[in-house]
Amino acid sequence: MGDVLAGLHAAWEFESDSVLIRYERGIRTPKLFQALGERRVPLEAIAGVTLTRGKRGTVVLRVEPRPGADPLMEAAAGQLKESGDPYRLVLPADREVLAEYYADELRALLTESGPAERFLVKPPEGPLSFKAYDGKATFDGRTVNFRWFWTGASSAKWKAGDQSFSVGELNGVEWRSPEVFEGHLRLLRRDAEVSGAQADQDPAAVVFGLGYGPVHESLPFAAAVLAAVRSSSPVAAVPAPRRDPADIAERIRHLGELHQAGLVTDEEFSVKKAELLAEL
């Protein structure tokens, strides 16, 4: 079609094989939309189109992605609020006839339905990173790293040390929105049983809360990791880089505090201290 339909916070460009969604960067635009920038949705990734009445004199045009077609929606697992749905275009009610025209035109082009066998919508591009409550998560396209914060990480995570996971050793991700109780990002490993531990005790998870791990940072991160996992084969983990000596010293100091408080045994203190020194 090649036409553009502009609505609240976004504009949709209808092309012969896809819908290009460009999100605004205004101060009132949801931060997730700003983080996504733009997304090209192939027609083969769309299961259907709806047009409904919205709030306060608006209509809502929405494309329904096929299950398994978009890594962002797969990672979100139905947890996004309606206002944060990247597949909704809100329009003034006086544009309902125009929106209905585009909805009908788009429906006529759809040929696929049911679950998709692979991701059809491109994931957010890396490298990506965000700060959780108990650590910083980074992803370079091949490896996920968790670096713990001494102010927030549990003693269990300090004992385990900073973590590095190659996408080849992962089976998926579990994202729990920071907007609900016990929000977190957990990495699911291929050869490990499903962890029953709380996220704050699991070295394969980072915890959200108190402004840490917001949706617009942690969800694109989770989607990028999930997409990489689905398209990868097991590969060797990338060795962790050497740490800053000042950082090592701070970690040893905190380890000593845990030891004095009785949270770390003499043996655990000695082993962990030797591991930290070996990183210099």
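Index from 1, following the sequence.
Considering every non-hydrogen atom in both R28 and H9, the closest pair reads O-CE1, 3.3 Å. Residues D104 and R107 share a closest heavy-atom pair of OD1-NH1, 2.7 Å. Smallest separation of non-hydrogen atoms from A205 and A199: CB-O, 3.8 Å. When every heavy atom of L36 is checked against every heavy atom of R39, the shortest pair comes out as CD1-CD, 3.9 Å. Closest non-hydrogen pair, L72 versus P86, comes out as CD2-CG, 4.0 Å. Residues L32 and P220 share a closest heavy-atom pair of CD1-CG, 4.0 Å.
Enclosure of atom OH in Y133 is not indicated, since only 12 or fewer non-hydrogen atoms of other residues, nucleotides or ligands lie within 6.0 angstrom. Residue F139 qualifies as enclosed at atom CZ: its count of foreign heavy atoms under 6.0 Å is above 12.
Using the six-membered ring where Trp is involved, F208 and F130 have ring planes that are perpendicular, over 60° apart on the 30 and 60° scheme. Relative ring orientation between F146 and W148 is described as tilted, the plane-to-plane angle lying within the 30° to 60° band.
Checked for salt-bridge contact, E82 and R88 meet the test: a charged N lies under 4.0 Å from a carboxylate O. One finds a salt bridge joining R53 and E96 here, because a Lys/Arg side-chain nitrogen approaches an Asp/Glu carboxylate oxygen to under 4.0 Å. A salt bridge is defined here as a Lys NZ or Arg NE, NH1 or NH2 lying under 4.0 Å from an Asp or Glu carboxylate O, and E38 with R40 fails to meet this definition.
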Go through it in stages, so that I can follow the logic: the residues are Y87 and I46, the test is side-chain contact (heavy atoms from CB on, under 4.5 Å), and I'd like the CA-CA distance, side-chain angles, deciding distance and then a yes or no.
CA-CA 10 Å; Y87 285 97; I46 301 175; 6.0 Å; no
After noting the C-alpha distance and the side-chain angles of L128 and V225, does the key distance pass the side-chain contact (heavy atoms from CB on, under 4.5 Å) rule?
CA-CA 10 Å; L128 299 170; V225 174; over 6 Å; no
What's the verdict on side-chain contact (heavy atoms from CB on, under 4.5 Å) for L109 and F14, showing C-alpha distance, side-chain angles and the deciding distance?
CA-CA 11 Å; L109 297 174; F14 300 91; over 6 Å; no
The test is side-chain contact (heavy atoms from CB on, under 4.5 Å); show your working for K136 and D162 and say whether it passes.
CA-CA 10 Å; K136 181 177 181 179; D162 292 346; over 6 Å; no
Test log, rule salt bridge (charged side-chain N to carboxylate O under 4.0 Å, His left out), inputs E13 and R22:
CA-CA 8 Å; E13 182 175 348; R22 293 191 176 95; 2.9 Å; yes
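Residues R186 and L188 meet the side-chain proximity criterion, which asks for heavy atoms closer than 4.5 Å.
Rounded to the nearest 0.5 Å, atoms NZ (K31) and CG (L219) are 15.0 Å apart. One finds the CG atom of L91 at 10.5 Å from the OH atom of Y102 (value rounded to the nearest 0.5 Å).
A donor-acceptor contact shorter than 3.5 Å links the side chain of Q79 to the backbone of W175. In this structure, E74 contributes its side chain and A69 its backbone to no donor-acceptor pair below 3.5 Å. The closest donor-acceptor contact from the side chain of D134 to the backbone of V207 lies under 3.5 Å. Although no hydrogens or angles enter the test, the distance criterion places a donor-acceptor pair under 3.5 Å between the side chain of R190 and the main chain of G168.
None of N145, D140, T138 except one satisfies the side-chain contact (heavy atoms from CB on, under 4.5 Å) rule with S129; the exception is T138.
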